[in-house]
Undergrad: 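Got a structure here, written out as C-alpha cells. Questions coming.
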Amino acid sequence: MGERELIGPPLERAFFDRPSYEVAPDLLGRVIVHGPVAVRLTEVEAYGKPGEDPASHTYRGRTERNSVMFGEPGHLYVYFTYGMHFCANLVCMPEGVGSAVLMRAGEVVDGFAVARSRRTGAAASADAKRVVPDRDLARGPARLAVTLGLARLHNGFDCCSDGPIRVFEGSPADPGVIRAGPRTGVSAGAETPWRFWIDGDPTVSPYRAHVRRTRR
DNA sequence: ATCGGGATTTCCT
DNA sequence: GGAAATCCCGATC
C-alpha cells in the first residue's frame with residue numbers, strides 16, 4: 001500500500017490518439033489500476049492499422065470481435081484466445097482506425113493479496129497450493145489480464161473516464177532503458193520491431209519466437 | 001534451464 | 001479444417 005501517491009494523474013484520451021508504435025514505448029513505466037490492484041507496465045506490443053499490419057486483428061477489416069479497436073481511443077480491447085486466455089489492449093488512433101497496444105507484462109506495485117488470489121483462484125484452480133512468485137504475477141499477457149481481473153466483460157471499457165479502470169502517469173521509462181524487437185508469437189509481420197520492453201526488468205516475459213504447432 | 005504436449009474458442013480460408 | 005498476440009506442468013538434461 002501507499003504507492004497510490006506516487007502514480008500521478010490519469011493519462012488523458014489524447015495520449016492514445018496517435019499511432020500505436022508511438023504510444024507503446026510511452027506506456028512503459030505507466031501504471032494501470034483496476035480496483036485494489038496496480039500494475040506498472042514493463043512490456044508492450046503495438047498492433048497497426050487495417051491493411052498495413054498483417055499481425056493486427058484489424059488487418060482484414062472490422063469483425064464482431066475486433067470492433068472495439070475501431071472505436072474511441074483509450075478504451076480496453078479484451079479478446080479471448082487459445083480457447084482459454086484473455087489478453088488486454090489499449091485502443092489507439094482516432095475513431096474509425098483500428099489499432100491498439102497489447103499489454104504483455106508488468107510489475108504488481110499494489111494490491112498483492114487480490115492479485116495473488118486471482119492468479120491462484122478460479123482461473124488456475126487445479127492447484128491451490130501453488131505459490132506464484134511476485135514477479136510472475138503479471139509476466140505474460142494472459143497472466144496480466146488475470147491479475148488485473150480483466151475478462152470479456154471489460155471489452156470496450158473506457159479507461160479515460162471516471163471509473164474503476166484507469167491508466168496513470170507513473171514514471172515513464174527512460175528512453176535509454178527501452179529496448180525494441182520482434183513481436184512474440186506472431187507469424188505474419190514478425191519482422192516489424194514493435195515489441196517494447198524495459199531492459200533487464202525481471203517481470204518482462206521470456207521471448208518466444210513463433211512456432212507452428214502440428215496436431216498430435 | 002529448456003522442451004514438448006494438452007487445454008479449447010474464435011476467426012478465416 | 002486448422003492456426004492463433006498463451007500458459008501450465010511434467011520430463012529431461
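Labels below follow one simple rule: chain letters A, B, ... track the order of the sequence lines, proteins then strands, and each chain is numbered from 1. Note that these values count all heavy atoms, side chains included, but never hydrogens, waters or copies made by symmetry.
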Undergrad: Is A/Arg13 reaching over with its side chain to a backbone N or O of A/Pro73, donor-acceptor style, under 3.5 angstrom?
TA: yes

Undergrad: Need one value for A/Ala55: base, sugar-phosphate or nothing, where a base atom within 4.0 Å counts as base even if backbone is also close, heavy atoms only.
TA: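 Result for A/Ala55 = base.
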
Undergrad: Applying ring-ring contact (aromatic ring centres under 6.0 Å, His included), name anything that partners A/Phe168, two or more places apart in sequence or on another chain.
TA: none

Undergrad: C/dA5 P sits how many Å from A/Arg139 CZ, rounded?
TA: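 It works out to 21 Å between those atoms.
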
Undergrad: What's the CG-P distance between A/Asp136 and C/dC9, to the nearest Å?
TA: 11 Å

Undergrad: When we call it a touch if two heavy atoms are under 4.0 Å apart, what does A/Ser56 touch: a base, just sugar-phosphate, or nothing?
TA: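 The residue A/Ser56 makes no contact with any strand.
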
Undergrad: Does the pair A/His75 and A/Phe157 meet the rule for a ring pair (Phe, Tyr, Trp, His ring centres under 6.0 Å), with working shown?
TA: CA-CA 5 Å; A/His75 289 239; A/Phe157 190 93; 8.3 Å; no

Undergrad: Give a yes/no on whether any side-chain N or O of A/His57 is located under 4.0 angstrom from OP1 or OP2 of B/dC11.
TA: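 For A/His57, the contact criterion (side-chain N or O under 4.0 Å from OP1 or OP2 of B/dC11) is not met.
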
Undergrad: Side chains of residues 24-40 of chain A: which donor-acceptor pairs under 3.5 Å do they make with residues two or more places apart or in other chains?
TA:
{"from": "A/Asp26", "atom 1": "OD1", "to": "A/Arg30", "atom 2": "NH2", "distance (Å)": "2.8"}
{"from": "A/Asp26", "atom 1": "OD2", "to": "A/Arg18", "atom 2": "NH2", "distance (Å)": "2.7"}
{"from": "A/Arg30", "atom 1": "NE", "to": "A/Asp26", "atom 2": "O", "distance (Å)": "2.7"}
{"from": "A/Arg30", "atom 1": "NH1", "to": "A/Glu169", "atom 2": "O", "distance (Å)": "3.0"}
{"from": "A/His34", "atom 1": "ND1", "to": "A/Leu148", "atom 2": "O", "distance (Å)": "2.6"}
{"from": "A/Arg40", "atom 1": "NH1", "to": "A/Glu107", "atom 2": "OE1", "distance (Å)": "2.8"}
{"from": "A/Arg40", "atom 1": "NH1", "to": "A/Asp201", "atom 2": "OD2", "distance (Å)": "3.2"}

Undergrad: Is it true that, when you exclude A/Glu12 itself, more than 12 heavy atoms of the residues, nucleotides or ligands shown sit nearer than 6.0 Å to its CD?
TA: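 Count not over threshold, so no.
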
Undergrad: Just need the stems in DNA chain B: three or more back-to-back Watson-Crick or G-U pairs, each with both distances under 3.5 angstrom, sorted by first number.
TA: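 Stems found: B:1-7 with C:6-12, B:9-12 with C:1-4.
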
Undergrad: Would you mind reading off the distance between A/Trp197 atom CH2 and C/dA5 atom P, rounded to a whole angstrom?
TA: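 Rounded to the whole Å, the gap is 19 Å.
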
Undergrad: Write out a two-atom table: protein N or O, nucleotide N or O from nucleotides 8-10 of chain B, distance below 3.5 Å.
TA:
{"from": "B/dT8", "atom 1": "O2", "to": "A/Tyr82", "atom 2": "O", "distance (Å)": "2.8"}

Undergrad: Quick check, does A/Tyr79 stack with C/dA5? I mean ring centres under 5.5 Å and planes off by under 30°.
TA: no

Undergrad: By nearest atom, which of the nucleotides C/dT6, B/dC12, C/dA5 is closest to the A/Asn89 side chain?
TA: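 Nucleotide nearest to A/Asn89's side chain: C/dA5.
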
Undergrad: Whether the side chain of A/Ser161 engages the backbone of A/Asp158 through a donor-acceptor N/O pair (distance < 3.5 Å, no angle test) should be reported.
TA: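 No, the answer is negative, given that no donor and acceptor are paired below the 3.5 Å cut-off.
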
Undergrad: Please report, rounded to the nearest Å, how far the C1' atom of C/dA5 is from the CZ atom of A/Phe196.
TA: 15 Å

Undergrad: Taking the side chain of A/Thr63 as its heavy atoms from C-beta onward, which of C/dC8, B/dC12, C/dA5 lies nearest to it?
TA: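 Closest of the options to the side chain of A/Thr63: B/dC12.
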
Undergrad: Could you state the CZ-P distance from A/Arg62 to B/dC11, rounded to the nearest angstrom?
TA: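 Rounding to the nearest Å, CZ of A/Arg62 and P of B/dC11 are 14 Å apart.
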
Undergrad: Taking only residues two or more places apart in sequence or in another chain, which ones pass ring-ring contact (aromatic ring centres under 6.0 Å, His included) with A/Trp197?
TA: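 Partners of A/Trp197 by the ring-ring contact (aromatic ring centres under 6.0 Å, His included) criterion come out as none, since no residue qualifies.
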
Undergrad: Could you tell me whether A/Tyr21 atom OH has more than 12 heavy atoms of other residues or ligands within 6.0 Å of it?
TA: no

Undergrad: Counting heavy atoms from C-beta on, name the nucleotide in C/dC7, B/dC12, C/dA5 closest to the side chain of A/Tyr77.
TA: C/dA5

Undergrad: Give a yes/no answer on whether the side chain of A/Arg119 brings an N or O atom under 4.0 Å of OP1 or OP2 in C/dC7.
TA: no

Undergrad: For A/Arg135, is there any backbone N or O sitting under 3.5 Å from a side-chain donor or acceptor partner on A/Thr203?
TA: no

Undergrad: Given atom CZ of A/Arg143 and atom P of C/dA5, what is their separation to the nearest angstrom?
TA: 19 Å

Undergrad: How many Å lie between CG on A/Leu90 and C1' on C/dA5, as a whole number?
TA: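 Rounded to the whole Å, the gap is 14 Å.
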
Undergrad: Between A/Arg183 and A/Asp53, is a salt bridge (Lys or Arg N to Asp or Glu O under 4.0 Å) present by the stated rule, with each step listed?
TA: CA-CA 12 Å; A/Arg183 290 170 291 187; A/Asp53 179 11; 2.8 Å; yes

Undergrad: Looking at A/Asp136 and A/Arg119, is there a salt bridge between them, counting it only when a charged N and a carboxylate O are closer than 4.0 Å?
TA: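 Result for this pair is no, no salt bridge flagged.
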
Undergrad: Taking N or O atoms only and anything under 3.5 Å, show me the protein contacts with nucleotides 1-3 of chain B, one pair per line.
TA:
none

Undergrad: Give a yes/no on whether any side-chain N or O of A/Arg104 is located under 4.0 angstrom from OP1 or OP2 of C/dT6.
TA: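 Affirmative; the distance criterion is met.
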
Undergrad: Answer yes or no: is there a donor N or O on one side and an acceptor on the other, between the side chain of A/Glu43 and the main chain of A/Phe196, under 3.5 Å?
TA: no

